[in-house]
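By convention in this document, chain letters (A, B, ...) are assigned in the order of the sequence lines, proteins followed by strands, and residues within each chain are numbered from 1. Only a predicted model underlies this, so the values are computations on that prediction, with no experimental measurement involved.
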2 protein chains.
Amino acid sequence: MSIDGQLPPKARLLRAAAELLANSGGSAVSTRQITQLAGVTAPTLYHHFGDKEGLFDAVVAAGFDEYVAGERDFAPSGQPLEDIRRMWDNHVQFGLKQPELYLVMFGNIRPESRPAIVADAEALMEEMLNKAAVSGQLNVPPREAARSILAANVGVTLMLIAEKAPERNLELSAMTRDAMVFAVSTEQARNNGSVDSGESSVVVAAIALNAALQASHSDQLSSSELKLFLEWLHRISNSSTS
Amino acid sequence: MSIDGQLPPKARLLRAAAELLANSGGSAVSTRQITQLAGVTAPTLYHHFGDKEGLFDAVVAAGFDEYVAGERDFAPSGQPLEDIRRMWDNHVQFGLKQPELYLVMFGNIRPESRPAIVADAEALMEEMLNKAAVSGQLNVPPREAARSILAANVGVTLMLIAEKAPERNLELSAMTRDAMVFAVSTEQARNNGSVDSGESSVVVAAIALNAALQASHSDQLSSSELKLFLEWLHRISNSSTS
DNA sequence: GTAGTTCATATAGCGTTGCTATAGGTGCTA
DNA sequence: TAGCACCTATAGCAACGCTATATGAACTAC
């Protein structure tokens, strides 16, 4: 139960810290656990990394290399906005695959102290957004767009990590992602055109659904149930005109 | 340098914890600091609150009451989506005004363990979104919309807290907020202009009816029938989007 | 080849942390 | 007055992050 091999103590400490961090299951990781697993004693840790945070920073740096590698891995699709979406998804996947490491990287928030890694991630996204801006696909400055998108990206990832694995719904991510990308893009410029029935009330909704029900899918309900259902819809359309 | 008065020890502990939390400046707050400021000894804390986290939960509960009060304070404007924007802004302001408390409430993230307060905040937002859904202003189910908006809202607030106060740019918040509200609303022209109006209006209709049904907990349908209808509505609203 | 210097690791322990086993005091009801 | 439930204090445990000090190993200087 120790990390051996001919690796020097510094590397063993890094590996031990990363491993414990990955398997800690949410509970804190102590320097004693790390040093024991690495097969060294406490002063060795402090000699090489200064303090616990220094060691974690080093682990994070390695993790960030992996993160960046993932973010750059795919070939640019020629559609910068599509690449942004892939960056987003990659970010979420990274967080879900290594939640403990992710939390050290992005979840260790304290007032007025910004982890360096956030700035790096922002720069990475800004770089990509720059390409979109060059081709006129951005309607806000790349820096602001990057900050905004990354904030939402981190928020969604943290929210997903906090949920129990079987309940995680990636639709949350996709929806938020598309909302953010859409918001900073010039695609929305075309939205001034005609909006069909812009304010759809319950009445309109009920009528539309009513029509849709009769037009198709009617085999999913028995006729009596359908009749009752339509009557119910009718009642709603009349009652809640507020 | 102690919280006196005739307050009982439990209240003094709460007050001391809240005060230390508010002024800790990011560093951790120890039980010894709290008990000393409250003028009691350690076992008193554990008698009343179980453990440190229990005490913090109690502080958070009080903080959440304040948070909810802020969220409900303004009169409904009659425009649910505008109310959602105000909820967003209130959330951010709450976080910036009491960053330490906010971090305990929303920033204390651990894998697979969701703070109860997140669910409460989500419910609060879902309630408001339900009103939007009833009047057909939502193009996604209120629950998903609430989750998505809240995730982005927390992400933005955390990001702002992490920044140094003079550098905080609230434009980040406003921009992300509008992007999210816009994304879940029917204000937008149909996404790519290519979607036929029929399908999307069925989605809107299903969502609006779903919200209306749940809001009016009526006795006009038996629970089993209602359950069946809701399930079917859910199927419709999902099948059209995927 | 020996002395000096530097780097790397170990021994041992400090101060603080969250928490608790145990006991004593206080006020109520019977 | 006896008993009981509630509340609080004394004292201390194990674990934490971290360090003063010492020892060994490797390299350079003469």
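The side chain of A:P43 has C:dT11 as its nearest neighbour among C:dT11, D:dC16, D:dC13. Counting only heavy atoms from C-beta on, B:H48 has its side chain closest to D:dT8 among D:dT8, C:dG13, D:dA9. The side chain of A:V40 lies closest to C:dA10 when the candidates are C:dA10, C:dT17, D:dT10. Checking C:dG18, D:dT19, D:dA9 against the side-chain heavy atoms of B:Y46 singles out C:dG18 as nearest.
Checking B:T176 against A:S148 by side-chain atom types alone, a donor-acceptor pair falls below 3.5 Å.
At distances below 3.5 Å, not a single donor-acceptor pair connects side-chain atoms of B:K10 with backbone N or O atoms of B:F49.
Protein atom CD of A:Q36 is 10 Å distant from nucleotide atom P of D:dC16, rounded to whole Å. Between A:D51 atom CG and D:dC16 atom P there is a gap of 17 Å when expressed in whole angstrom units.
Between A:T41 and C:dT11 there is no side-chain N or O to OP1 or OP2 distance below 4.0 Å. Contact annotation: B:H47 side-chain N/O to D:dT8 OP1/OP2 distance is not under 4.0 Å.
Comparing B:K10 and B:R32 along DNA chain D, the residue whose closest nucleotide (by nearest heavy atom) sits nearer the 5' end is B:K10. Remark on DNA chain D: of its neighbouring residues A:T31 and B:A42, the 5'-side contact belongs to B:A42, judged by nearest-heavy-atom nucleotide.
Surrounding CZ of B:R168 are more than 12 heavy atoms belonging to other residues, nucleotides or ligands, all under 6.0 Å away.
Among the heavy atoms of the strands lying under 4.0 Å from A:S30 are primed sugar atoms or P, OP1, OP2 only; no base atom is included.
The aromatic rings of A:H91 and A:F106 lie tilted to each other, with the angle between the two planes from 30° to 60°.
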